[in-house]
Enquirer: 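Handing you this structure, nothing more for now.
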Amino acid sequence: MIQANISKIKQKITQACAQINRDPAAITLVAVSKGRTIEQIRQAIDAGITNIGENRIQEALVKYNALGQTPYAARIKWHMVGHLQSNKAKDAVKIFDLIHSVDSLHLAQEIDKQAAKINKMQDVLLEVKTSPEETKLGLAPEDVIGVIKGISALKNIRIQGLMTIAPLLDDPQEARPYFRQLKELLDQINNLRLTTYDLQLLSMGMTDDFAIAIEEGANMVRVGRAIFA
Ligand SMILES: *Cc1c(COP(=O)(O)O)cnc(C)c1O
């Protein structure tokens with residue numbers, strides 16, 4: 001079941017890439033396994049998944065420790081896709097290869113501090129609120145450049161790109177403008193040369209809208225239900 005689901009998603013990724021002349025190999029599929037069992041995660045890894053996403057630190061720690069005793073551990077990268085509180089930064093830097101949800105300079109400073117303690121360079125994305133919904137987390141687009149400048153002074157945290165969550169919509173086509181906005185922001189940041197390297201990663205698109213996100217420039221998609229449900 002999980003294996004068939006993953007094949008179907010990979011097909012869709014290939015189709016979306018064909019639309020825009022991009023190499024499907026350049027798209028990272030993050031399997032979001034919140035609420036799923038260790039056994040389900042193992043099945044996903046057996047089916048070729050190498051990137052696992054979680055949205056709660058406690059749950060992620062349990063799964064990380066369980067898989068850490070097995071040969072699976074070396075094959076996977078861990079992604080934090082949910083909101084991260086500053087007081088959990090210490091645990092987060094211990095296990096995550098990429099934190100998608102940095103939404104304040106304060107949080108970035110805490111991540112930097114904890115990463116320095118274990119001599120790690122922590123890769124992160126900035127989460128941007130592209131839709132006006134009150135409930136959505138993330139930086140306002142107009143605050144992103146200031147936060148990047150602030151983070152540039154920190155030694156143990158490195159911004160690799162941007163992440164957004166599109167609003168829930170009846171028709172996934174309607175998510176297009178939000179994805180486009182994030183891509184434009186990434187291009188703008190790179191044109192301003194705020195960092196000594198180009199920001200590469202655009203984490204956008206979930207079960208209902210990942211194909212559209214890819215058409216709009218996503219190179220990292222976060223898929224849960226379409227894999228596990
Ligand atoms: C749960 C979650 C996903 C995956 O959502 P699905 O709709 O199950 O594909 C992606 N991103 C974030 C931040 C999530 O919390």
Side-chain angles (χ1 to χ4, degrees), residues 1-13 16 27-38 40-41 43-45 47-64 76-85 88 92 95-104 107 111 123-131 133-139 160-176 178-179 181-183 201-229:
M1 180 69 163
I2 286 177
Q3 188 169 9
N5 290 345
I6 291 170
S7 309
K8 233 180 272 172
I9 292 163
K10 288 193 170 160
Q11 264 173 28
K12 274 196 185 171
I13 290 175
I27 312 289
T28 300
L29 171 60
V30 178
V32 180
S33 54
K34 63 179 182 231
R36 314 294 174 180
T37 63
I38 306 283
Q40 285 175 298
I41 298 176
Q43 285 176 27
I45 299 169
I49 288 294
T50 53
N51 291 272
I52 299 289
E54 286 285 336
N55 73 335
R56 288 210 183 88
I57 193 89
Q58 275 324 106
E59 188 179 337
L61 277 170
V62 170
K63 291 170 175 173
Y64 179 87
I76 48 180
K77 288 193 155 58
W78 290 85
H79 297 252
M80 176 57 172
V81 300
H83 180 63
L84 181 61
Q85 285 174 309
K88 301 283 170 60
I95 67 174
F96 290 111
D97 296 285
L98 184 66
I99 298 171
H100 293 228
S101 48
V102 171
D103 59 0
S104 71
L107 174 59
I111 289 170
D123 286 321
V124 303
L125 307 178
L126 295 186
E127 180 171 354
V128 183
K129 190 174 120 147
T130 47
S131 61
E133 283 174 63
E134 287 297 328
T135 54
K136 281 272 177 328
L137 299 160
L139 285 160
Q160 296 287 13
L162 305 176
M163 178 271 225
T164 199
I165 302 173
L168 261 183
L169 300 158
D170 293 333
D171 179 359
Q173 289 290 349
E174 290 172 34
R176 221 176 259 286
Y178 304 100
F179 297 141
Q181 191 190 337
L182 198 70
K183 167 75 168 120
L201 296 178
L202 267 185
S203 167
M204 52 188 199
M206 311 186 352
T207 288
D208 295 324
D209 54 20
F210 70 86
I212 287 162
I214 289 169
E215 288 173 23
E216 295 298 334
N219 51 23
M220 189 169 269
V221 293
R222 311 177 307 267
V223 180
R225 285 168 299 138
I227 292 176
F228 294 106

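Whatever order the structure lists them in is the order used to number ligands and atoms, beginning at 1.
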Enquirer: Just heavy atoms, cut-off under 4.0 Å: does His100 contact ligand 1 by side chain, backbone, both, or neither?
Expert: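 It is neither; nothing of His100 touches ligand 1.
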Enquirer: Starting from atom 5 (O) of ligand 1, what is the nearest protein heavy atom, named by residue and atom, and what distance separates them?
Expert: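 Residue, atom and distance for the closest contact: Met206 CE, 3.6 Å.
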Enquirer: Considering only protein heavy atoms, which is closest to atom 13 (C) of ligand 1, and at what distance to one decimal place?
Expert: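 Looking only at protein heavy atoms, the one closest to atom 13 (C) of ligand 1 is Val81 O, 3.3 Å.
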Enquirer: Between Ser33 and Gln40, is any pair of side-chain heavy atoms under 4.5 Å apart?
Expert: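 Sidechains of Gln40 and Ser33: no contact.
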Enquirer: Do Glu127 and Ser101 touch side chain to side chain, with heavy atoms closer than 4.5 Å?
Expert: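 A side-chain contact exists here, since the closest heavy-atom pair is under 4.5 Å.
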Enquirer: Could you see which bit of Ile165 sits under 4.0 Å from ligand 1, with heavy atoms only: side chain, backbone, both or neither?
Expert: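 It is the side chain that touches ligand 1; the backbone stays farther off.
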Enquirer: I'd like to check which ligand 1 atoms, numbered from 1 as shown, lie under 4.0 Å from a non-hydrogen atom of Val223.
Expert: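 Near Val223, meaning under 4.0 Å from one of its heavy atoms, ligand 1 has 9 (O).
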Enquirer: Given side chains that start at C-beta, do those of Ile111 and Leu84 come closer than 4.5 Å, heavy atoms only?
Expert: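 A side-chain contact under 4.5 Å exists here.
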Enquirer: Could you tell me whether the side chain of Gln160 reaches within less than 4.5 Å of the side chain of Leu125, counting heavy atoms only?
Expert: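 Yes, at least one pair of side-chain atoms sits under 4.5 Å.
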Enquirer: Quick test: of every protein heavy atom, which one is nearest to atom 11 (N) of ligand 1, and how far off is it to 0.1 Å?
Expert: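 Scanning the protein heavy atoms, the shortest distance from atom 11 (N) of ligand 1 goes to Arg222 NE, 2.9 Å.
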Enquirer: Select one of side chain, backbone, both or neither to describe which atoms of Val32 lie under 4.0 Å from any atom of ligand 1, heavy atoms only.
Expert: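 The side chain, only.
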Enquirer: Working note: Ile214 + Lys12, criterion side-chain contact (heavy atoms from CB on, under 4.5 Å); need CA distance, chi angles, decisive distance, verdict.
Expert: CA-CA 10 Å; Ile214 289 169; Lys12 274 196 185 171; over 6 Å; no
Enquirer: Would a 4.5 Å heavy-atom cut-off, applied to side chains only, mark Gln3 and Gln43 as touching?
Expert: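 Result no, sub-4.5 Å side-chain heavy-atom pair not found.
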Enquirer: Given Met204, Arg225, Lys34, identify the one with the heavy atom nearest to atom 15 (O) of ligand 1.
Expert: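 Nearest option to atom 15 (O) of ligand 1, by heavy atoms: Lys34.
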Enquirer: What is the closest protein heavy atom to atom 9 (O) of ligand 1, and at what distance does it sit?
Expert: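 Ranking protein heavy atoms by distance from atom 9 (O) of ligand 1, first comes Thr207 OG1, 2.5 Å.
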Enquirer: Do Asp123 and Asp97 come within less than 4.5 Å of each other through their side chains, counting heavy atoms only?
Expert: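 In short, these two side chains do not touch, never coming nearer than 4.5 Å.
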Enquirer: Do any nitrogen or oxygen atoms of Ala226 come within less than 3.5 Å of a nitrogen or oxygen of ligand 1?
Expert: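 No: no nitrogen or oxygen of Ala226 is under 3.5 Å from one in ligand 1.
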